[in-house]
There are 2 protein chains.
Amino acid sequence: MAQADTQREPPFRGRATIRDIADLAGVSIATVSRVLNDRPDVAPETRENVLQVVREQGFSTNRGARGLSSGRTGMIGLTLPLVADAYFGPMLSGASEALYERDMRIVLAPTFHDHDREMSLLDRLMRGTTDGAILMLPEESADELRMLQRQGFPFVVVDPREAPPEGIACVAAMHASGAKQATEHLLELGHRRIGAIAGAQGWYATEERLLGFRAALAGAGILLDPELIVYSDWRIPQGTQAAEQLLSLPDPPTAIFGFNDNVAIGALHAAHARGLSVPDDLSVVGFDDTEPAKIVTPQLTSVRQPLAEMGRMGVSLLVRLIEGQRVDALRVELATKLVVRDSTAPPRA
Amino acid sequence: MAQADTQREPPFRGRATIRDIADLAGVSIATVSRVLNDRPDVAPETRENVLQVVREQGFSTNRGARGLSSGRTGMIGLTLPLVADAYFGPMLSGASEALYERDMRIVLAPTFHDHDREMSLLDRLMRGTTDGAILMLPEESADELRMLQRQGFPFVVVDPREAPPEGIACVAAMHASGAKQATEHLLELGHRRIGAIAGAQGWYATEERLLGFRAALAGAGILLDPELIVYSDWRIPQGTQAAEQLLSLPDPPTAIFGFNDNVAIGALHAAHARGLSVPDDLSVVGFDDTEPAKIVTPQLTSVRQPLAEMGRMGVSLLVRLIEGQRVDALRVELATKLVVRDSTAPPRA
DNA sequence: GGAATTGCCGGAAACGTTTCCGAGTGCTTC
DNA sequence: GAAGCACTCGGAAACGTTTCCGGCAATTCC
């Protein structure tokens, strides 16, 4: 049916342009442009006629040309450290879905953790090609971000690495609240000595989650043993290593709170290697609730971050920014929620 | 240093254009264009002078305009079913890396498995915006692909769903060989009753892997019990279900070969639920060797598919297609290789 | 019944590039 | 010493849109 015979002449070489459509429909290109963009000032009959020809010819407007002419390309740039990742994947997915609904497209720019100038280089390249950008876990400092902003390029940062600077659109998760929930869950189960495998030092997520962890402990009247906190690089091997360090303590913890799923899974491996049973001998909680949390055995209790929703929300903010609408809430925080699975239980008596 | 003072006037409103650069450098825009595109016919001195101004102004050429004028946008479209996925992630990653090296960009178009027209709609939209496309596991039939090709749009399919049609650029993995290796590994360990959790029926990958599976069995003089093959939708829950079915057989298999990691992990779960120990009571092999294979306990023996390399190779083919170079090998198959981990062992005596 | 308004539409100038064509140098060559 | 060539460069026409501005009809208003 897509191949239905074209009623009118099927002429012109190559791809149809707005000019061809105009000729075929017997109107001017201005009119065609108007119907294509749902502008007023077109008679219903004319509009329908043009649309008919458009359908027949399978025409779609050249976005490059539109971008040149109107200044709006309908594409937005998206940078992130990694694309093949259980954490960034859902964010990207959420963003691309939201963009798709708006008939916009994503120009992907993975930075592969090239701290130096990768990022600034990338979005420099992007200007003129995109209408704005979403920066996921940007490498850039607050100063650099502010500079970008001063140049009038619309962007929003999703999941900031540092504390998000004032006046920059930003979506994050409620780290502290999530960490508090997780810790309280462990507390309620009866754990008193709880180890934490934190993330990288200085990161916003690390600091905030530490805050929540401490708050919960304080609420239970427990004072924190500094030995029970060890930092990591967020990755599995360091999680394993950190857990080993924790479990080698003279008075080892009965539960471990990993600041993301990776390090929690690392802890699972460490326990397994020691012949410790989870959750009987050791409880483990993760953070993020990424896909791996569900496939690991035992399934991991974890704090759910609405990753896809963060991507969508980023798009939502960005679009409003681009359209010049006033955005009242430049900074949005999405709720986190503990998901209890099989890796947590009361401590052994 | 990126902020070094601009020696010359820092004029013009907004973003610098090639016109501004030309004025600043005291040459014509044609000359600027030539140096920007590394064309000959520019005096070394002039070239250096222009480059200097370009650097000072942080100029980068407007890709939209370039696309309009030259017909080459430097962007390529990439469609895939899912972006947040352990299987497609690495492919996407490899492709984006390869594109980055060529100073090209990816326009992402996830189809979210919308079989109907999503795809055709998407790349229709892409024309005029992109120079070509990479189709990962396309929903489209061979006929539709051929039609696309006839329209002169360069594209390559990576990981075809059906047997790849003649004359279409395509990169795949050596499914049969990998499946044969996996099965032989099990046979060498002494297994004689081996169950298979196949993928979706009719898929290229499924059929090819079945071929390898059968070949290995035949090589060992074992004739296949049809009960030992059950199809799935490639996903974990159906893997679990299929494994349960297999393990409930009067004479259950001592090893299970999952046609991807998902269903193998599903089998792991089923074994765990039955109190069966892997690999002591049951050996399990997966396929793809995605990230989850490494984090699951026990770590999964799996057939490695060079996912990222497939993405890169796709780009390589596509670029040659776009540049109109003759590509001799339109169809490339990448080797697979068994990675032995902890989920396989000799059967219990 | 003329003037003002409204509804539709076309002409044409942008938008920022690339590229073809030709022109001006300064050298070689016979 | 004129002709030819190689090397550089600039002018200008595209590329496919959007959008401003103005024009013509048909309607409405006093």
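These numbers were taken from a predicted model, which means no experiment stands behind them. Protein chains get the first letters and strands the later ones, always in sequence-line order, with residue 1 at the start of each. Only heavy atoms go into these numbers, but all of them, side chains included; no hydrogens, no water, no symmetry mates.
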**Q** Provide, to the nearest angstrom, the distance between the CD1 atom belonging to B/Ile18 and the P atom belonging to D/dG11.
**A** 14 Å
**Q** Out of D/dC9, D/dA12, C/dC9, which has the shortest distance to the side chain of A/Val42?
**A** C/dC9
**Q** Would you classify B/Ala30 as touching base, sugar-phosphate or nothing, given that sugar-phosphate means primed atoms plus P, OP1 and OP2, and contacts are heavy atoms under 4.0 Å?
**A** base
**Q** When you check the phosphate oxygens OP1 and OP2 of C/dC9, does a side-chain N or O of A/Ser28 lie under 4.0 Å from one of them?
**A** no
**Q** Over all strands shown, is A/Arg34 touching base, sugar-phosphate only, or nothing at heavy-atom distances under 4.0 angstrom?
**A** base
**Q** When you check the phosphate oxygens OP1 and OP2 of D/dC9, does a side-chain N or O of B/Thr46 lie under 4.0 Å from one of them?
**A** yes
**Q** Would you compute the distance between atom CZ of A/Arg34 and atom OG of A/Ser28 and round it to the nearest 0.5 angstrom?
**A** 6.0 Å
**Q** How far does the helix from C/dG1-D/dC30 to C/dC30-D/dG1 bend, going by the axes of its first and last five pairs, to the nearest 10°?
**A** 40°
**Q** Hey, which of these two, B/Pro44 or B/Leu68, hits DNA chain D nearer its 5' end, going by closest nucleotide?
**A** B/Pro44
**Q** Is any side-chain heavy atom of A/Thr31 closer than 4.5 Å to one of A/Thr46?
**A** yes
**Q** Establish, with yes or no, whether the OP1 or OP2 oxygen of C/dT17 is under 4.0 angstrom from a side-chain nitrogen or oxygen of B/Ser33.
**A** no
**Q** Quick check for you: among C/dT18, C/dC9, C/dG16, whose closest atom lies nearest to any side-chain atom of B/Arg66?
**A** C/dT18
**Q** Among D/dT17, D/dT19, C/dG16, which nucleotide has an atom closest to any side-chain atom of A/Arg39?
**A** D/dT19
**Q** Side-chain contact, heavy-atom cut-off 4.5 Å: B/Met91 with B/Leu78?
**A** no
**Q** Do B/Gln52 and B/Glu56 pair up side chain to side chain, a donor and an acceptor below 3.5 Å, judged on atom types alone?
**A** yes
**Q** To the nearest 0.5 Å, tell me how far A/Leu137 CG sits from A/Asp85 CG.
**A** 10.0 Å
**Q** So does A/Ser69 get a side-chain nitrogen or oxygen closer than 4.0 Å to the phosphate oxygens (OP1/OP2) of C/dA14?
**A** no
**Q** Just checking A/Leu36: base, sugar-phosphate only, or nothing, at a heavy-atom cut-off of under 4.0 Å?
**A** nothing
**Q** Is B/Ser70 close enough to C/dT17 that one of its side-chain N or O atoms is under 4.0 Å from OP1 or OP2 there?
**A** no
**Q** Which comes earlier along DNA chain C counting from the 5' end, the contact point of B/Asn37 or that of A/Arg19, where each point is its nearest nucleotide?
**A** A/Arg19
**Q** Name every donor-acceptor pair, under 3.5 Å, that has one atom in a side chain of residues 324-331 of chain A and the other anywhere in the protein, sequence neighbours excluded.
**A**
{"residue": "A/Gln325", "atom": "NE2", "partner": "A/Glu323", "partner atom": "OE1", "Å": "3.0"}
{"residue": "A/Arg331", "atom": "NH2", "partner": "A/Tyr204", "partner atom": "OH", "Å": "3.0"}

**Q** Determine the minimum heavy-atom distance between B/Leu318 and B/Phe155, stating which atoms define it.
**A** CD1-CA, 3.8 Å
